[in-house]
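Proteins get letters first, then strands, A, B, ... in listed order; numbering begins at 1 in each.
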Amino acid sequence: MGACALAPKSRNFIMTHAYRSHKCGDLRAQHAGSETRLSGWVHRVRDHGGVLFLDVRDHYGLTQVVADPASPAFKIAETLRSEWVVRIDGKVRVRLAGTENKDMPTGDIEVYATEIEVLSQAAELPLPVFGDTEYPEDIRLKYRFLDLRRDRIHANIMKRGSIINSLRRRMVDQGFFEFQTPILTASSPEGARDYLVPSRVHPGKFYALPQAPQQFKQLIMMSGFDRYFQIAPCFRDEDARADRSPGEFYQLDIEMSFVTQEDVFNAVEPVLRGVFEEFGNGLPVTQKFPHIAFKDSVRWYGTDKPDLRNPIKMQNVTEHFAGSGFKVFAGMIANDPKVEVWAIPAETGGSRAFCDRMNAWAQQQGQPGLGYIMYREEDTQLVGAGPIAKNIGPERTEAIRAHFNLHQNDAIFFVAGQPSKIYKFAGEARTKIGQDTNRIEQNCFKFCWIVDFPMYEWNEEDKKIDFSHNPFSMPQGGLDALNNQDPLTINAYQYDIVCNGVELSSGAIRNHRPEVMKKAFELAGYSEEVLLEKFGGMYRAFQFGAPPHGGIAPGVDRIVMLLCNEPNIREVVLFPMNQQAEDLLMSAPSSATPKQLRELHIRLNLPEN
RNA sequence: GCGGAAGUAGCUCAGUUGGUUAGAGCGUCGCCCUGUCACGGCGAAGGUCGCGGGUUCGAGCCCCGUCUUUCGCGCCA
């Protein structure tokens with residue numbers, strides 16, 4: 001470190017700084033014999049009566065300080081407690097032979113204290129900094145400043161910062177430019193619930209915090225800029241999940257002009273791959289992200305965010321069951337042309353115990369059960385066992401085996417029904433089978449693009465067509481498709497990046513043609529008036545020469561979660577809110593004063609109790 | 001809004017079938033200890049068992065309600 005290389009050995013220089021000549025991670029054997037001044041927190045005290053050890057910690061590291069009765073600092077040293085803040089003057093010396101600590105970078109030396117000044121005392125700790133015990137969330141959040149002193153989360157937050165720096169550098173290196181978009185803006189009628197901010201100047205009117213800078217980044221393209229990015233705060237008033245902060249989160253927001261979908265992929269893929277290679281502790285990262293159509297992803301993996309570390313790929317095996325002796329499936333297929341049978345191969349799952357366990361699990365999930373065939377060797381022949389194999393007969397059993405190239409002691413499970421009703425359960429079964437047969441690859445980052453999302457979906461509740469994702473996406477086939485195709489069959493130039501089953505980002509090539517946009521909204525039941533009223537600024541901009549453009553927005557918090565190997569987003573956020581969207585440290589949200597409310601022309605109408 | 005789990009000392013947890021004075025480790029306080037790095041030893045303080053109600057001769061334990069935290073569902077274009 002620079003400081004240690006520059007620090008001269010003269011005592012005079014050391015005393016020119018009030019708090020430190022070195023940081024707590026600086027000192028090495030080469031410094032032995034020199035004077036030093038350290039400041040930091042008392043991490044741990046080991047008092048042997050005649051000799052006393054203090055581990056002194058700062059942001060940079062830990063140094064062992066020693067005092068004995070011969071030292072003038074001894075009396076004060078004996079009074080020190082955990083997390084007090086101290087300034088230590090002393091002499092660096094090599095530790096006695098055999099007492100070095102190989103686990104500490106500074107473990108070859110210690111500082112013999114000659115003077116100790118207590119800079120701050122600490123009350124009894126509600127949350128110990130030392131050690132790696134788990135603590136309840138509310139205490140950690142209330143005393144976040146103590147929690148953040150702890151190793152793991154301190155390192156996570158630093159890693160987060162480094163990752164964001166790296167993302168910025170990689171974007172800038174590719175010719176992107178960072179823009180700032182407004183925080184106080186207009187409510188957008190689609191999507192998540194908005195956070196509203198009352199206007200003092202305009203009684204009864206409200207700003208909204210942006211759910212994402214979506215419209216702004218498109219307007220930046222229409223304003224003649226190109227290659228926008230921003231580490232953008234986004235605000236959504238929706239409930240939390242382990243991987244979803246309530247209230248606010250950050251996106252690497254990106255938009256580019258004159259691009260096709262491939263151009264966006266080529267810009268973003270190296271950034272993510274690079275950052276995962278840089279910060280992923282050397283774990284292998286997918287080199288070329290495969291493209292998987294939304295439709296295929298659902299059929300193969302039962303989800304639009306597949307975990308490709310799980311090698312299991314489902315297949316449609318309806319033909320093997322149509323007209324077969326397994327009457328349950330055969331009957332379903334005969335009665336409803338939409339019914340399909342999906343098969344989930346389970347290598348090494350061919351034991352009665354495993355299949356029964358899966359079946360019981362399925363019933364616990366509210367399913368009638370989970371049919372299966374087990375393959376076993378009998379008289380050098382591979383045969384199928386279990387009720388289904390008996391019912392469909394050896395020929396079909398063998399055809400299914402051959403289709404999946406199954407071997408002895410493998411099994412295969414079946415789910416039947418309309419795809420839209422079974423895909424979710426089938427996906428869960430795939431995950432469970434992968435986990436329970438130990439087939440999920442560990443220690444790697446498996447990426448893919450999910451492409452060709454449907455433009456619309458059927459809203460069963462309101463009996464109408466809805467935008468399935470982003471209403472600003474360009475439909476594949478353009479106006480022609482909107483005019484002539486069944487809307488539910490139209491795909492959009494809309495895509496997601498998925499890593500290890502985590503949806504990292506979604507993006508789209510935008511709809512930049514006003515007539516296409518008008519038609520697209522019309523199909524979802526919105527008139528031009530609504531379009532003008534809700535998206536007036538952007539719709540107007542489309543009338544004055546909008547470039548073709550598109551973008552994407554990877555979620556920064558989730559990237560950091562994956563790279564820190566943390567299952568909970570609060571472990572990678574400095575000052576997170578709890579699940580009820582409360583900041584227990586700052587006590588937010590809190591009541592407003594009557595004066596504040598009066599200025600804002602707000603009268604409260606609180607619920608009972 | 002709904003469902004699962006948890007709530008016992010400052011902190012992490014144990015607590016048997018409902019039965020005497022609710023325990024341990026860490027921390028705190030006091031005493032001892034000259035080579036520890038999870039230092040060690042002796043001792044002490046520290047509890048409305050989340051809260052309210054019920055059942056019972058008797059409740060940390062059983063029942064009902066409620067609050068808090070968390071995980072999931074809904075929600076998140």
Flag the pair [X] / [Y] as yes when their ring centroid distance falls below 6.0 Å, and as no otherwise.
X	Y	answer
A:H512	A:F542	no
A:Y423	A:Y301	no
A:F265	A:Y495	yes
A:F425	A:W361	yes
A:F521	A:F467	yes

Candidates B:G10, B:C75, B:U70 - which lies nearest the side chain of A:R244: B:C75
Under the 3.5 Å Watson-Crick or G-U criterion, the dot-bracket string of RNA chain B, with | for inter-strand pairs: (((((((..((((.....[...)))).(((((.......))))).....(((((..]....))))))))))))....
5' precedence on RNA chain B between A:D68 and A:R81 (nearest-nucleotide basis): A:R81
Heavy-atom protein contacts under 4.0 Å, nucleotides 36-47 of chain B, coded B base, S sugar-phosphate only, - none: BBSB--------
When all nucleic acid strands are considered with a 4.0 Å heavy-atom cut-off, which category describes [X]: base, sugar-phosphate, or nothing?
X	answer
A:D243	nothing
A:L52	nothing
A:R570	sugar-phosphate
A:E137	sugar-phosphate

Between B:G35 (P) and A:R93 (CZ): distance, integer Å: 13 Å
Aromatic plane relationship, A:F294 with A:F453 - under 30° parallel, 30 to 60° tilted, over 60° perpendicular: tilted
